[in-house]
Amino acid sequence: PEMKEVLERGYVLRGVRIHTTKGLDLGEVEDVLFDPATGAVEGFLLSERADQNFLPYTPSFVAGEDVAFVDPSAEATIISLKEALSEKRP
């Protein structure tokens, strides 16, 4: 529901920084990945991170105009994009 509102309001997510609600900067959104079958947001490709650069979508995601916030537990879900894509294969 929150992501639908973000997209309907026309927020641009690329370039938005994602922070935990405790203030930890997780990185900048480089791209948003969608499920091609459902159109649902799957996660965010984060710039400025070496290998661990994919943050799966979390219901705690709240977007503002310049910064988005997630629960601190989201940090532990960050994986490599390659790993995320390989998990999607049947």
Side-chain angles (χ1 to χ4, degrees):
E2 175 70 22
M3 285 308 302
K4 183 177 180 183
E5 181 182 339
V6 167
L7 296 173
E8 286 175 351
R9 287 187 178 186
Y11 287 129
V12 175
L13 293 176
R14 281 190 186 141
V16 168
R17 299 208 67 82
I18 297 181
H19 290 221
T20 68
T21 53
K22 297 235 182 215
L24 179 64
D25 185 352
L26 299 180
E28 183 177 294
V29 176
E30 185 174 324
D31 209 349
V32 181
L33 283 74
F34 295 89
D35 181 316
T38 66
V41 173
E42 292 191 339
F44 309 95
L45 183 61
L46 303 174
S47 63
E48 305 167 16
R49 296 185 69 96
D51 186 40
Q52 304 297 95
N53 59 352
F54 180 76
L55 173 65
Y57 175 75
T58 172
S60 70
F61 183 90
V62 177
E65 290 188 33
D66 298 317
V67 178
F69 293 95
V70 293
D71 186 87
S73 63
E75 180 187 13
T77 68
I78 298 174
I79 58 175
S80 72
L81 179 59
K82 183 177 180 179
E83 184 179 348
L85 293 174
S86 69
E87 290 176 359
K88 293 290 294 174
R89 292 187 186 141

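Atom set for the values below is all heavy atoms of this structure, side chains included, hydrogens, waters and symmetry mates excluded.
- Side-chain contact between N53 and E30: absent, with no pair of heavy atoms (C-beta onward) separated by less than 4.5 Å.
- Not a single donor-acceptor pair under 3.5 Å links the side chain of R49 to the backbone N or O of F54.
- Scanning all heavy atoms of the two residues, the minimum distance from P72 to K22 falls at CG-CG, 3.3 Å.
- Linking Ile, Leu, Val, Met, Phe, Trp and Tyr residues whenever their side-chain heavy atoms come within less than 4.5 Å places V70 and Y57 in a single cluster.
- Clustering of Ile, Leu, Val, Met, Phe, Trp and Tyr by side-chain heavy atoms under 4.5 Å joins F69 with V67.
- A search for salt bridge (charged side-chain N to carboxylate O under 4.0 Å, His left out) contacts involving D51 returns nothing, not counting sequence neighbours.
- There is no path of hydrophobic side-chain contacts, each under 4.5 Å, that joins L33 to V16.
- Once rounded to the nearest 0.5 Å, the distance linking CD of E75 with CG of L24 reads 5.0 Å.
- For the pair R14 and V32, the minimum side-chain heavy-atom distance is 4.5 Å or more.
- A heavy-atom distance below 4.5 Å is found between the side chains of I18 and F61.
- Rounding to the nearest 0.5 Å gives a distance of 8.0 Å between CG of L26 and NE2 of H19.
- Put simply, the side chain of L46 reaches to within 4.5 Å of the side chain of I78, judged on heavy atoms.
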